[in-house]
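Nothing here was measured: the structure is a model prediction, and the numbers come from that model.
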There are 2 protein chains.
Amino acid sequence: MAKKKLQQTEEKCALQEILGVIGGKWSMSIIYALFTGKKRFSELERLIPNISTRMLVKELKNMEANGIVIRKVFATVPPTVEYTLTTKGEKLEPIINELHKWGVEYVI
Amino acid sequence: MAKKKLQQTEEKCALQEILGVIGGKWSMSIIYALFTGKKRFSELERLIPNISTRMLVKELKNMEANGIVIRKVFATVPPTVEYTLTTKGEKLEPIINELHKWGVEYVI
DNA sequence: CAGTATCCTGCATGATACTG
DNA sequence: CAGTATCATGCAGGATACTG
């Protein structure tokens with residue numbers, strides 16, 4: 001939204017906008033976990049060390065609102081919820097993978 | 001440092017470590033600005049809209065400590081300081097460029 | 001010019017307990 | 001299982017004034 005208004009600033013602030021979408025402390029880890037396919041809520045909690053329930057919920061909601069993930073609910077007892085990457089989210093795979101490689105080589 | 005100790009967790013936490021280095025609100029914008037070559041402090045301030053002096057100093061220090069940028073001081077009056085990317089920092093160019101493209105296509 | 005030094009604020013994050 | 005609700009807190013980040 002507000003595409004027109006953003007046009008002047010988009011070059012300068014694109015990176016800032018992006019951080020609003022995937023700049024959260026856990027966003028990339030969640031996306032990274034979803035590269036290997038759909039995951040249930042509890043699976044994500046187990047896959048991502050030290051993340052709190054609250055943060056996982058929050059980031060997932062934010063990412064869903066931003067069209068990065070899809071939330072699918074199954075009317076089972078107990079409830080089942082699956083999270084999947086959207087196409088938009090999948091496009092991040094090579095980028096995050098490269099970033100990860102960079103980190104492993106230079107940061108760790 | 002602490003390469004050995006990190007080995008168990010490096011796979012899981014690499015992305016977290018990376019965010020400590022380039023996850024700051026302005027880090028990527030600064031790196032992005034430096035892709036086009038060395039910049040003086042005031043140039044960076046002008047190139048990056050809305051960044052405060054305090055934050056620019058802070059991020060630059062952090063990035064210097066992490067081997068992303070080089071700070072070169074010239075004993076002139078008034079003082080001249082130039083910031084350049086290290087090789088390690090330059091390796092981020094394709095990654096950040098791709099991320100930027102992704103943002104322009106999907107976020108803006 | 002290239003910073004330092006303070007003060008200040010809100011939000012991001014965490015911990016814990018509870019629920020349909 | 002997949003969350004919600006609440007409380008608590010630190011520090012990221014901003015504003016402003018000053019300096020070698």
Side-chain angles (χ1 to χ4, degrees), chain A residues 9 12-13 15-31 33-34 37-66 68-84, chain B residues 9 12-13 15-34 37-66 68-85:
Chain A
T9 42
K12 298 174 169 184
C13 297
L15 289 168
Q16 308 283 93
E17 298 275 339
I18 292 165
L19 288 186
V21 178
I22 55 157
K25 184 175 176 184
W26 304 100
S27 305
M28 289 205 194
S29 300
I30 296 171
I31 299 172
L34 290 175
K38 65 183 174 199
K39 298 279 179 298
R40 298 183 60 174
F41 187 87
S42 52
E43 286 184 284
L44 289 172
E45 255 184 327
R46 264 183 291 109
L47 285 170
I48 304 166
N50 302 326
I51 195 170
S52 64
T53 306
R54 185 173 165 280
M55 274 304 110
L56 182 53
V57 174
K58 244 189 144 183
E59 300 266 38
L60 282 170
K61 271 187 181 160
N62 181 46
M63 294 168 76
E64 192 193 3
N66 283 292
I68 307 280
V69 301
I70 295 163
R71 179 173 180 271
K72 214 173 277 179
V73 187
F74 299 90
T76 54
V77 178
T80 303
V81 182
E82 275 176 8
Y83 291 91
T84 330
Chain B
T9 41
K12 299 173 169 184
C13 297
L15 290 167
Q16 308 283 93
E17 299 275 340
I18 292 165
L19 288 186
V21 179
I22 56 157
K25 184 176 177 184
W26 304 101
S27 304
M28 288 205 194
S29 299
I30 297 171
I31 298 172
Y32 195 81
L34 291 174
K38 65 184 174 199
K39 298 278 179 298
R40 298 183 59 174
F41 186 87
S42 52
E43 286 184 284
L44 289 172
E45 253 183 329
R46 262 183 294 108
L47 286 170
I48 304 167
N50 302 327
I51 195 171
S52 64
T53 306
R54 184 174 166 279
M55 274 303 110
L56 183 53
V57 174
K58 244 188 144 182
E59 301 265 36
L60 282 170
K61 270 186 182 161
N62 181 44
M63 294 167 75
E64 192 193 2
N66 282 293
I68 306 281
V69 302
I70 295 164
R71 180 172 178 271
K72 213 174 276 176
V73 188
F74 299 90
T76 55
V77 178
T80 303
V81 182
E82 275 177 9
Y83 291 91
T84 330
L85 286 178

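- When rounded to the nearest whole Å, the span between CG of Leu56(B) and C1' of dA2(C) equals 10 Å.
- At the phosphate of dC1(C), neither OP1 nor OP2 sits under 4.0 Å from any side-chain N or O atom of Lys39(B).
- The interatomic distance linking Leu60(A) (CG) with dG3(D) (C1') rounds to 11 Å, in whole Å.
- At whole-Å resolution of the value, CD in Glu82(A) and P in dA2(D) are 9 Å apart.
- At a threshold of 4.5 Å between non-hydrogen side-chain atoms, the residues Lys61(A) and Val57(A) count as touching.
- Taking 4.5 Å as the limit, some side-chain heavy atom of Met63(A) sits within range of a side-chain heavy atom of Ile31(A).
- Thr80(B) comes within 4.0 angstrom of the backbone, heavy atoms only, and of no base.
- When side chains are defined from C-beta on, Arg71(A) does not count as touching Val69(A), because their heavy atoms never get closer than 4.5 Å.
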Which letter, B, S or -, goes with each nucleotide of nucleotides 13-20 of chain D from 5' to 3', with contact meaning a protein heavy atom under 4.0 Å?
BBB----B

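- In this model, the phosphate group of dG3(D) is approached by a side-chain N or O of Tyr83(A) to a distance below 4.0 Å at OP1 or OP2.
- What you find for Glu59(B) and Ser27(B) is that their closest heavy atoms are OE1-OG, 2.9 Å.
- Side-chain contact between Leu60(B) and Phe41(B) is present, with heavy atoms from C-beta onward closer than 4.5 Å.
- Here dA12(D) presents its C1' atom at 14 Å from CD of Gln16(A), a figure rounded to the nearest Å.
- Bending across the helix from dC1(C)-dG20(D) to dG20(C)-dC1(D), expressed as the angle between its end axes from five pairs apiece, amounts to 60° (10° rounding).
- A 4.5 Å side-chain heavy-atom check between Ile68(A) and Leu34(A) finds every atom pair outside the cut-off.
- Atoms CD (Glu45(B)) and P (dT4(C)) sit 12 Å apart, rounded to a whole Å.
- Residue Ile48(B) contributes atom CD1, which lies 14 Å from atom P of dA2(C) at whole-angstrom precision.
- Phe74(A) comes within 4.0 angstrom of no nucleic acid atom, judged by non-hydrogen atoms across all strands.
- When all heavy atoms of Lys38(A) and Glu43(A) are compared, the pair lying nearest together is O-OE1, 4.4 Å.
- In this structure, CZ of Phe41(B) is placed 11 Å from P of dC1(C), rounded to the nearest angstrom.
- Looking at every heavy atom in both residues, Gln16(A) comes nearest to Ser29(B) through OE1-OG, 3.3 Å.
- The interatomic distance linking Lys38(B) (NZ) with dA2(C) (P) rounds to 13 Å, in whole Å.
- Closest of all the heavy-atom pairs between Lys25(A) and Leu19(B) is O-CD1, 3.5 Å.
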